[in-house]
J.: 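Would you mind keeping the following structure in view while I ask a few things?
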Amino acid sequence: MKAIRIHNYGGPEVLKYEDAPRPEPRADEVLIRVHGAGVNPIDWKVREGEMKEFWPHKFPLILGWDLSGVVEKVGPRVSRFKKGDEVYSLPDPTRDGAYAEYIVVRESEIALKPKSLHHIRAAAVPLAGLTAWQALFDTAQLQPGQRVLIHGGAGGVGHFAVQLAKWKGAHIIATASAKNHELLHKLGTDEIIDYTRQRFEDVAQDVDVVLDTIGGETQERSWPVLKKGGILVSLVQPPSGKKAEELGVRAALLGAQSNGAQLAEIANIVDSGRLMPVIDRILPLSEARRAHELSQSNHIRGKIVLRVKNWDGSLERKRR
Ligand SMILES: NC(=O)c1ccc[n+]([C@@H]2O[C@H](COP(=O)([O-])OP(=O)(O)OC[C@H]3O[C@@H](n4cnc5c(N)ncnc54)[C@H](OP(=O)(O)O)[C@@H]3O)[C@@H](O)[C@H]2O)c1
């Protein structure tokens, strides 16, 4: 099969479009023909070696932990899925990923994809959607009527967080540069802050939940916006427990987990019309390098997705 693999850590140039062996599912696993693979910042962080202390990856490694596709084969202990099912998944990021024609995923990590989305759009949902879900609902226990500040509201995680918080009935404050304000308005944001012109802490106050997708100075300046008993959930950097204690608030660092059951709930919300992925652009699998360069610019609107199936390589080559 064709895949994008890395043989060592490094810059975008280490991404190689090449032949790789097609994996075989074990007893509790499913082989999926990948149609679309979502691109996330974790992909280039792994490529650069940022995660090597935590995840014992072996080379060559297939990147990409976000996908939608069709079940090709199931292991003998798999009971909930069968050949031909249209599924989506956040696979285990310690194993080979989805920048490939086929991937093997555990049964517990997949769900039927939203019926209302074709595979390319569905592939944008699992990783960022589950992250937003687990941050807002599992970790922060967001309640209707609460005030939530979402940093980076137009990004991969942020745009799902805005819509899920809206679905929950929360009051949403989100930061983004001016070019993304119309989008944030459409997604249901109540108060939009242009972080390039205003200090968000001068505008956002009495917040129950801060979702920190940025870290650094943004995290540091987020403490005073929280009301007593509120919570700061970071995706990027451990917040200070000492600071939280001083202020009478809570703090957590989230590491998103695969979860097929939550993906099934998310699919229902998508099909109800209350949640949709925003696609910044779609690129062929062979252009994973360009996708990484764009993602590393830190100004993606929504998601980038790699088209894995129906990409006619011969046509592509003729055009060049
Ligand atoms: N811990 C976990 O399990 C987990 C899971 C998912 C993601 N993450 C991490 O969370 C971070 C965000 O992920 P993502 O997929 O949402 O990234 P992303 O899609 O690349 O985020 C891009 C967005 O960030 C916004 N942005 C950039 N600088 C900003 C600032 N100073 N203030 C406010 N917004 C800013 C940009 O908006 P403008 O263009 O308008 O500036 C853009 O829309 C990444 O570091 C990722 O690795 C962690």
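All residue numbers refer to positions in the sequence shown, counting from 1. As the structure lists them, so they are numbered: ligands from 1, and atoms in each ligand from 1.
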J.: So between Asn40, Leu184, Thr131, Leu254, whose heavy atom ends up nearest atom 6 (C) of ligand 1?
T.: Thr131

J.: Considering only heavy atoms, which of Asn298, Val233, Val157 lies nearest to atom 25 (C) of ligand 1?
T.: Asn298

J.: Val203 versus Gln198: any side-chain heavy-atom pair under 4.5 Å?
T.: yes

J.: According to a hydrophobic-cluster definition based on side-chain heavy atoms being under 4.5 Å apart (Ile, Leu, Val, Met, Phe, Trp, Tyr only), do Leu232 and Val236 belong together?
T.: no

J.: Among all protein non-hydrogen atoms, which one is nearest to atom 8 (N) of ligand 1, and what is the separation to 0.1 Å?
T.: Leu235 CB, 4.0 Å

J.: Considering only non-hydrogen protein atoms, determine which one is nearest to atom 42 (C) of ligand 1 and report residue, atom name and distance to 0.1 Å.
T.: Ile300 O, 3.2 Å

J.: Side-chain donor-acceptor pairs under 3.5 Å in residues 52-61, sequence neighbours left out?
T.:
from, atom 1, to, atom 2, distance (Å)
His57, NE2, Pro93, O, 2.6

J.: Under a 4.0 angstrom heavy-atom cut-off, which atoms of ligand 1 come close to Lys179?
T.: 38 (P), 39 (O), 40 (O)

J.: Tell me: protein heavy atom nearest atom 45 (O) of ligand 1, and distance?
T.: Lys45 NZ, 2.7 Å

J.: Could you tell me whether some N/O pair between His299 and ligand 1 is separated by less than 3.5 angstrom?
T.: yes

J.: What do you reckon, does Gly156 have a nitrogen or oxygen under 3.5 Å from a nitrogen or oxygen of ligand 1?
T.: yes

J.: Using distance alone, with no hydrogens and no angle criterion, decide if Ser240 and Lys242 have a side-chain donor and acceptor under 3.5 Å apart.
T.: no

J.: Using non-hydrogen atoms of the residue, decide whether His159 is closer than 4.0 angstrom to ligand 1.
T.: no

J.: Going by the order shown, which atoms of ligand 1 are within less than 4.0 Å of some heavy atom of Ala256?
T.: 2 (C), 3 (O)

J.: Please write down residue, atom name and distance for the protein heavy atom closest to atom 12 (C) of ligand 1.
T.: Thr213 O, 3.6 Å

J.: Within less than 4.0 angstrom of ligand 1, does Val236 place any heavy atom?
T.: yes

J.: Working note: Ile110 + Phe81, criterion side-chain contact (heavy atoms from CB on, under 4.5 Å); need CA distance, chi angles, decisive distance, verdict.
T.: CA-CA 9 Å; Ile110 60 182; Phe81 298 94; 3.5 Å; yes

J.: Hey, could you give me each pair passing salt bridge (Lys or Arg N to Asp or Glu O under 4.0 Å) that has a residue in residues 221-232? Not counting sequence neighbours.
T.: Glu201-Arg221, Asp208-Lys227, Glu217-Arg221

J.: Can you check which of Trp65, Tyr195, Trp44 brings a heavy atom nearest to atom 41 (O) of ligand 1?
T.: Tyr195

J.: Working to the nearest 0.5 angstrom, can you tell me the gap between Glu191 CD and Ile172 CD1?
T.: 10.5 Å

J.: Look at atom 40 (O) of ligand 1 and say which protein heavy atom is nearest, naming residue and atom and giving the distance to 0.1 Å.
T.: Ser177 OG, 2.6 Å

J.: For Gln262 and Asp138, does a side-chain donor sit closer than 3.5 Å to a side-chain acceptor?
T.: yes

J.: Touching ligand 1 at all, Leu127? Heavy atoms, strictly under 4.0 Å?
T.: yes

J.: For atom 35 (C) of ligand 1, what is the closest protein heavy atom, and at what distance to 0.1 Å?
T.: Ile214 CD1, 3.5 Å

J.: Write out the residue and atom name of the closest protein heavy atom to atom 23 (C) of ligand 1, then the distance separating them to 0.1 Å.
T.: Gly155 CA, 3.6 Å

J.: Measure the distance from atom 17 (O) of ligand 1 to every protein heavy atom, then report the residue, atom name and distance (to 0.1 Å) of the closest one.
T.: Pro41 CG, 3.5 Å

J.: At a 4.0 Å cut-off, with the gap strictly under it, does some heavy atom of Gly255 reach an atom of ligand 1?
T.: yes

J.: On a heavy-atom basis, which atom in Ile231 and which in Ala251 lie closest, and how many Å separate them?
T.: CG1-N, 4.3 Å

